[in-house]
Amino acid sequence: MVHKFDAIVVGAGGAGLRCALELSQHNYSVAVLSKLYPVRSHTGAAQGGVGAALGNEEPDNPEWHFFDTVKGSDYLGDQDAIEIMCEDAVEAILELEHFGLPFSRTPEGKIAQRPFGGHTKNFGEAPVKRACYAADRTGHMILHTLFEQCVKNEVRFFNEFYVLDLIMDGDICQGVIAFDLATGEIHVFQAKATMLATGGHGRAFSVTSNAHTYTGDGMAICFRRGIPMEDMEFVQFHPTGMRKLGILISEAARGEGGILRNREDLENIGSGKDGFMGALAPTVKDLAPRDVIARAMYNEIKEGRGIEGSGDTGSDYLYLDLVHLGAEIVNERLPDISHFARTYLAVEPIKEPIPVQPTTHYAMGGIPTDIEGRVLWDAKNKVVPGLYAAGEVACVSVHGANRLGTNSLLDIVVFGRRGGKDMVRYINEAEFGHITGEPDGFIRGEIDRLQNGGGTEKVVDLRPEMQNVMMVNSGVFRSKESLTKARDTILELRQRYQKIGIQDKNAYFNTELVEAIELGFLLDSAWMIAESALHRTESRGAHSREDFPERDDEKWLKHTFIHYEADSKVKFDYKPVTITKFKPKPRVY
Amino acid sequence: MEVTVEIYRYDPDTEESRFDTFVKEVDPKDRVLDVMMAIKDEDDGTIAFRKSCAHGVCGSDAMEINGLNRLACQVLVQDLKSKRIRIEPIRGMKVLRDLIVDMDSFFAGLEKVKPYLIPAEPAPATERLQSIGDRAIFDDTTKCIMCGSCTTSCPSFRWFNQDFVGPAAFVKAHRFIFDSRDGGNEPRLEILDDKDGLWRCHSIFNCTDACPREIHITKAIGDLKRYTVVHR
């Protein structure tokens, strides 16, 4: 079936819905395609807050937010984009309130704010209350509020339509190919402008806070079409995942005063005394940025101060201590994570510490875009006409080498909105192109091969192998040796993937087929991550090379763009970092 | 521990349904979703069910587990206190395949109550002020993830089906009617006070029991009934 819309939005999380909402305010036809129902999107799992220098609780200003984000990014973020994000933030958050978002409130009735990792006052002096929150379900409330507004504006949704390919007419994007999960039919969606807002690739790793559906779809779709990916080596590991499960315990827990503790520190549980971060980051302590804390946790465990077990069993962990906060703070401001601890670990956080370990959390890298969300063909800023990206799938780059907590929810509302505005401008000027040949031919072939190719390899064998090799060899600490192993294993798995077969031949809701397609996308992401990480011979932000432990601004103060060359071959080029106000300095907290 | 898992199957091609039984060795701390994924990976790849976040915030995997509506990712095997696990689709919705039901009608039903802020006044230059007390009145109902567990557990819904507005839509209506910033109650009350509205609720509490977010749904419906009686 062929559909024609002025604009298509792929993905119905915060970035996609914010974009759709912008488009819906104009007299253009818009469709949102998602492989889920919109309110199932992973934005809903974000907990702690969204950053904006409202100054509701104490003095704050967008320039401090700008500085903190640059420093948090280990100076790899583009400062023009970061400045815009931090300035747009105030308006974007007030707008969410106007849409009805039920923020928690201050005694004066304003939007409540709390401290978060890496956010400081006066250029690093002390933590500042900048995270606007709705209990510990801020992402849930953003997702639902934006969905409500889309319903109000009668946005057209194609739910459980899985986008698998772009329609390209030379250099111009003309829409997408989608697979209807309910029927197995392939649909062609022609559009003047297409927004990709499909999220990250956390499921390439074995321990992750990310949803099963977070499979790097948008990145792989573009990569296969010759669009490069930017800074793929930068993957954030969140310090506080629930032990083994990886489920997120929000940084808000530390924003409210939670403290990480090691085995030597057990008598201080409930006392409120500093833990091991007190010495490692004297100014911000447990509110240091995530890369700093995740590394510190690995070192604690490596040096034998994990709660139990030895350094290489993989079962080691530390404690997150909320006991001193008291029942009122825990129950009122952190109700969801308390519930998770009770449900999955049988731990009562008011009385005992929560076992935690770093968990794969966020992709800083992704589809390169400019500040209007336009996708780029190369490191020289050549635009792909008609194609946009926003949110975790995109790399503007506002997060550089390490994202600060609360800046992901900010990113999606600011750049979803900016992308939507530019799409309106583009739709106004552009004409529908001509689609020639069989735009869905490639995808039909792929699906036929998976379903009827008679392959003997199984998703269930390949997927854990990918996830484990990435976690162990492309995780918090990396080296040439480990990354070579990761890359070689992924290349081998990609070969085996060609011979994959599935048992389910049914057309309706063929979830086995979907998982096979998702694995193919994830293998592309994993490959790009390993290659990019191997290529960058320095340590910066979330990318820590044991064989190159220092940041090397002379050689590496630049973005990597990875291009697909051939089946097992990539090439790189580079884009300089935009530096406007803050010259790179050593990063001390 | 060893468990016997019975999974409802429905094939839309043949329109036939049955239960398939699997005996699995599981960890008592496994989520039911983990067990289902193990069965799909190791025993039968053709079993169809929805899943996404796997920790109770996305609402994809609402199903009937040992007779009660639950999210499969939120129930641990040990919570069931049974070595037999029977998994069926949530009721009252058209089954499309195995455990997957038609959710389009569920979402369309929610729209009846105008589930979005209808501002009482134009937006000011800064945020609208709301006291901590006013915010607390509707806090509970903002937790809803629209999984459908409540509505499909309700005997009135199962009897009257889609005509009945249902608990999920009441929760959504509550979230706006008691929000001090909202001024759209008149059109919502039309729906709530209709014969297929609030008065089909007989306080059976299935919805409250089913809610994975522990929302006090029957209480919220009681608030709405009282409000409707006073204001209409």
Side-chain angles (χ1 to χ4, degrees), chain A residues 36-37 39-42 44-45 54 56 93-95 97-100 102-111 134-135 137 139-141 144-145 148-149 151-152 159 182 210-214 245 247-248 335-336 339-340 343-344 346 458-460 502-512, chain B residues 11-13 29 31 37 40-42 44-60 74 76 79 96-98 100 103-104 107 110-111 114-119 123-132 134-135 138-139 142-146 172 175-176 179 181-182 214:
Chain A
L36 304 166
Y37 280 86
V39 295
R40 312 286 181 235
S41 305
H42 200 55
L54 301 183
N56 281 357
I93 300 313
L94 293 177
E95 198 176 58
E97 197 283 331
H98 295 161
F99 290 152
F103 283 108
S104 297
R105 299 286 171 161
T106 67
E108 303 82 47
K110 296 179 182 173
I111 295 170
R137 52 176 183 279
H140 162 83
M141 293 316 336
H144 281 254
T145 301
E148 289 155 13
Q149 291 296 308
V151 168
K152 183 179 182 183
N159 299 321
N210 290 177
H212 285 290
T213 45
Y214 239 40
L245 296 165
I247 295 170
L248 181 65
D336 277 10
H339 191 252
F340 298 153
T343 304
Y344 297 111
K458 288 194 160 59
V459 172
V460 60
I502 61 169
Q503 194 183 344
D504 195 345
K505 306 297 176 201
N506 204 313
Y508 305 99
F509 286 104
N510 191 328
T511 49
E512 195 188 11
Chain B
D11 182 340
D13 276 331
K29 288 204 179 77
R31 294 165 276 201
M37 284 165 56
K40 187 173 170 69
D41 284 345
E42 294 157 17
D44 187 346
T46 68
I47 299 171
F49 52 91
R50 293 185 176 110
K51 65 175 189 298
S52 188
C53 80
H55 65 287
V57 298
C58 82
S60 296
Q74 218 184 40
L76 308 189
D79 299 340
L96 302 176
R97 184 177 172 186
D98 299 344
I100 296 178
M103 291 298 283
D104 283 343
F107 281 101
L110 291 175
E111 292 183 19
K114 302 194 184 295
Y116 40 79
L117 189 82
I118 301 173
T126 177
E127 70 261 60
R128 295 187 181 86
L129 298 181
Q130 184 170 53
S131 72
I132 291 173
D134 282 348
R135 166 67 178 70
F138 66 102
D139 181 70
T142 66
K143 294 176 190 163
C144 173
I145 56 174
M146 300 186 181
K172 206 72 190 166
R175 177 253 168 278
F176 289 105
D179 185 334
R181 301 169 297 174
D182 189 274
E214 298 180 352

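On a predicted model such as this, the values are computed, not experimentally measured, just so you know. Reminder, nothing fancy here: chain letters follow the sequence lines and each chain counts from 1.
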Least distance between heavy atoms, [X] atom then [Y] atom:
{"X": "A:P102", "Y": "B:R175", "answer": "CD-NH2, 3.5 Å"}
{"X": "B:L117", "Y": "A:F99", "answer": "CB-O, 3.7 Å"}
{"X": "A:H140", "Y": "B:C144", "answer": "CE1-O, 2.9 Å"}
{"X": "B:P115", "Y": "A:V151", "answer": "CG-CG1, 4.5 Å"}
{"X": "B:T46", "Y": "A:E512", "answer": "N-OE1, 4.5 Å"}

Heavy-atom contact with chain A under 4.5 Å, split by part of [X]:
{"X": "B:I145", "value": "both"}
{"X": "B:F107", "value": "side chain"}
{"X": "B:D134", "value": "neither"}

Using heavy-atom distances under 4.5 Å, tell me whether [X] contacts chain B through its side chain, its backbone, both, or neither.
{"X": "A:I502", "result": "neither"}
{"X": "A:S41", "result": "neither"}
{"X": "A:I111", "result": "both"}

Can you tell which of A:E95, A:E108, A:K458, A:H144 has the highest number of heavy-atom pairs within less than 4.5 Å of chain B?
A:H144

Between A:D336, A:L248, A:N510, which shows the greatest number of heavy-atom pairs under 4.5 Å with chain B?
A:D336

Contacts of type salt bridge (Lys or Arg N to Asp or Glu O under 4.0 Å), residue B:K143, not counting sequence neighbours
B:D140

Salt bridge flag under 4.0 Å for residues B:D13 and A:K505:
no

Looking at B:K40 and A:D504, is any side-chain nitrogen of the basic one under 4.0 Å from a carboxylate oxygen of the acidic one?
no

Mind checking whether B:D104 and A:N159 have side chains closer than 4.5 Å, heavy atoms only?
yes

Report yes if some heavy atom in the side chain of A:K110 is under 4.5 Å from a heavy atom in the side chain of B:L129; otherwise report no.
yes

Nearest 0.5 Å, please: how far is [atom2] in [Y] from [atom1] in [X]?
{"X": "A:T511", "Y": "B:I100", "atom1": "OG1", "atom2": "CD1", "result": "6.0 Å"}
{"X": "A:K152", "Y": "B:Y116", "atom1": "NZ", "atom2": "OH", "result": "7.0 Å"}
{"X": "B:Q130", "Y": "A:R105", "atom1": "CD", "atom2": "CZ", "result": "5.0 Å"}
{"X": "A:S104", "Y": "B:D139", "atom1": "OG", "atom2": "CG", "result": "7.5 Å"}
{"X": "B:R97", "Y": "A:N506", "atom1": "CZ", "atom2": "CG", "result": "4.0 Å"}

Derivation and outcome, side-chain contact (heavy atoms from CB on, under 4.5 Å), residues A:Y344 and B:L76:
CA-CA 8 Å; A:Y344 297 111; B:L76 308 189; 4.0 Å; yes

Under 3.5 Å, is there a donor-acceptor pair linking the side chains of [X] and [Y]?
{"X": "B:E127", "Y": "A:H98", "answer": "no"}
{"X": "A:R137", "Y": "B:T142", "answer": "yes"}
{"X": "A:Y508", "Y": "B:D11", "answer": "no"}

In terms of heavy-atom pairs under 4.5 Å with chain A, which of [options] leads?
{"options": "B:E42, B:M37, B:R50", "answer": "B:R50"}
{"options": "B:K29, B:K114, B:E214", "answer": "B:E214"}
{"options": "B:S131, B:G59, B:P12", "answer": "B:G59"}
{"options": "B:A48, B:S52, B:A123", "answer": "B:S52"}

With distance as the sole test, does [X] use its side chain to make a donor-acceptor pair with the main-chain N or O of [Y] at under 3.5 Å?
{"X": "A:R40", "Y": "B:C58", "result": "yes"}
{"X": "A:E97", "Y": "B:R128", "result": "yes"}
{"X": "A:Q503", "Y": "B:G45", "result": "yes"}

What residues, two or more places apart in sequence or in another chain, satisfy ring-ring contact (aromatic ring centres under 6.0 Å, His included) together with A:F103?
none

Go through the steps for B:L96 and A:F509 under the test side-chain contact (heavy atoms from CB on, under 4.5 Å), then give the verdict.
CA-CA 8 Å; B:L96 302 176; A:F509 286 104; 3.5 Å; yes

Walk me through it: do B:M146 and A:Y37 pass the test side-chain contact (heavy atoms from CB on, under 4.5 Å)?
CA-CA 10 Å; B:M146 300 186 181; A:Y37 280 86; over 6 Å; no

Is the A:F340-B:H55 ring centre distance short of 6.0 angstrom?
yes

